[in-house]
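Here's the structure we're looking at; comments come further down.
We number each residue from 1, following the sequence as shown.
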Amino acid sequence: MTRSPRVGLAGWRLPGNHFGAAALARRAGADGLQLDLGGPGRGPWLDAPGTVDRLRDDCAAHGVELLGVAGNTLNDIGLTAPAGSRDALRARRVLVRVLDTARALGAPLAFVPSFRRSAIDGPDDLRRTADVLAWAAREADARGLLLAGENALQPAAARALVEQVAVPSFRLVLDTYNPRVYGVDVLALIEATHPWIAPQVHLKDGTGGVVGRELLGDGDGGVWEALAALLAHTGASPDALVLENDYRDGDLRRLALDIGRARVRAARAELPATAPDHPRS
């Protein structure tokens with residue numbers, strides 16, 4: 001029997017900032033947190049003086065595990081910037097900060113997105129992104145971390161990215177709804193890339209390609225079907241199921257219900273394709 005995944009939260013989708021995230025996660029019933037490095041328009045820097053120590057203490061006090069660190073500000077800079085350009089240098093500096101912060105927090109995973117200015121829109125973008133991620137994955141390995149990337153690529157292109165990165169410590173973030181938003185078949189994506197899917201999976205749902213306020217499993221994202229497909233291909237449950245629906249409106253009742261649904265799913269090692277018995281209000 002496989003070990004039940006932990007249930008985590010994405011800190012950047014919670015109300016407030018990362019200073020209150022551990023207390024909120026414990027109050028809502030979650031096991032762990034992924035946190036964002038922060039930056040302009042994204043909240044306080046995670047690696048500001050004293051912040052790492054404070055967050056480690058907060059998480060220890062509330063019994064919440066630090067699962068990963070994201071560099072979402074890279075969407076504002078561009079992993080696809082030409083080598084040697086100012087933005088390329090900025091991106092590498094941010095990547096180093098993400099990796100160093102993950103190591104300092106004791107989180108096993110660092111991950112980087114490829115959306116907006118980092119979107120991969122063709123072969124040249126893919127090549128430049130692969131070059132940067134290969135370097136970053138080697139840096140992650142030197143720190144004892146996994147590096148994972150998230151993107152909107154079609155299955156064959158996502159596999160090509162992994163093959164071009166060609167570093168064993170590199171993974172792909174599976175989000176159960178983002179592929180649908182970008183017109184990608186999530187089941188085909190899982191089939192093509194399952195050997196490289198990161199051990200922490202983002203759970204998200206919506207309707208018509210738009211992430212709204214649906215509870216997990218009530219939208220059209222096929223959340224549980226995607227998890228069942230992942231298990232069928234890998235034979236093992238993920239280490240963590242991380243909720244990434246938008247809870248910034250402070251609706252903690254909805255958050256608790258989603259955690260309950262994820263908890264029911266996590267408790268079933270087989271992760272069957274049929275919908276779980278959802279907790280109801």
Only pairs under 3.5 Å count here: list side-chain donor-acceptor contacts from residues 100-111, not counting sequence neighbours, and write none if there are none.
residue : atom : partner : partner atom : Å
Asp100  : OD1  : Arg143  : NE           : 2.7
Asp100  : OD1  : Arg143  : NH2          : 3.1
Thr101  : OG1  : Arg97   : O            : 2.7

Exercise for the section: Name all residues meeting the ring pair (Phe, Tyr, Trp, His ring centres under 6.0 Å) criterion together with His233; count only those two or more places apart in sequence or in a different chain, and write none if there are none. Expected result: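 Only His194 meet the ring pair (Phe, Tyr, Trp, His ring centres under 6.0 Å) criterion with His233.
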
Problem - Test salt bridge (charged side-chain N to carboxylate O under 4.0 Å, His left out) applied to Asp205 and Arg261, step by step - result: CA-CA 12 Å; Asp205 210 349; Arg261 292 186 174 199; over 6 Å; no

Practice task
Would you mind listing every salt bridge (charged side-chain N to carboxylate O under 4.0 Å, His left out) that reaches into residues 35-44, with sequence neighbours excluded?
Solution key: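 Listed once each, the pairs are Arg42-Asp76.
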
Practice task
With Ile190 as reference, evaluate Thr234, Leu231, Ile197, Leu172 under the side chain to side chain contact (heavy atoms under 4.5 Å, CB included) test and give the passing residue.
Solution key: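 Of all the options given, the one that passes is Ile197.
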
Problem - salt bridge (charged side-chain N to carboxylate O under 4.0 Å, His left out) against Glu65, all qualifying residues, sequence neighbours excluded - result: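 Only Arg6 meet the salt bridge (charged side-chain N to carboxylate O under 4.0 Å, His left out) criterion with Glu65.
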
Practice task
Report the residues that fulfil salt bridge (charged side-chain N to carboxylate O under 4.0 Å, His left out) with Asp31, sequence neighbours left out, ordered by chain and then residue number.
Solution key: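 Listed in chain order: Arg263.
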
Exercise for the section: Without swapping roles, check the side chain of Thr176 against the backbone of Leu203 for a donor-acceptor pair under 3.5 Å. Expected result: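 A pair under 3.5 Å: no.
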
Exercise for the section: Report yes or no: does Tyr247 contribute a side-chain atom to a donor-acceptor pair with the main-chain N or O of Arg254 at less than 3.5 Å? Expected result: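 Not confirmed, Tyr247 side chain does not pair with Arg254 backbone.
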
Exercise for the section: Tell me who clusters with Leu67, hydrophobic residues only, linked when side chains sit under 4.5 Å apart either directly or through other members. Expected result: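 Noted: Leu67 shares its cluster with Val242.
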
Could you list all the side chain to side chain donor-acceptor pair (under 3.5 Å) pairs where at least one residue sits in [range], not counting sequence neighbours?
range	value
residues 18-27	none
residues 157-171	Arg159-Glu163
residues 128-138	Asp125-Arg128
residues 180-189	Arg180-Asp220

Practice task
Could I get the full list of side chain to side chain donor-acceptor pair (under 3.5 Å) partners for Arg86, not counting sequence neighbours?
Solution key: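 For Arg86 there are no side chain to side chain donor-acceptor pair (under 3.5 Å) partners, ignoring immediate neighbours.
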
Handout entry: Lys/Arg-Asp/Glu bridge criterion (N-O < 4.0 Å) met for Arg253, Asp251
Key =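 Between Asp251 and Arg253 there is no salt bridge, as every charged N stays at least 4.0 Å from the carboxylate O atoms.
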
Handout entry: Cationic N near anionic O, under 4.0 Å, Arg54 to Asp57
Key =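 Salt bridge flag = no for Asp57 with Arg54.
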
Exercise for the section: Please list, chain by chain and in numerical order, all residues satisfying side-chain contact (heavy atoms from CB on, under 4.5 Å) with Ala256, sequence neighbours excluded. Expected result: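 Testing Ala256 for side-chain contact (heavy atoms from CB on, under 4.5 Å), a comparison that skips the adjacent residues, returns none.
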
Exercise for the section: Would you please test Glu214 and Thr207 for side chain to side chain donor-acceptor pair (under 3.5 Å) and show each step? Expected result: CA-CA 8 Å; Glu214 292 85 359; Thr207 300; 2.7 Å; yes

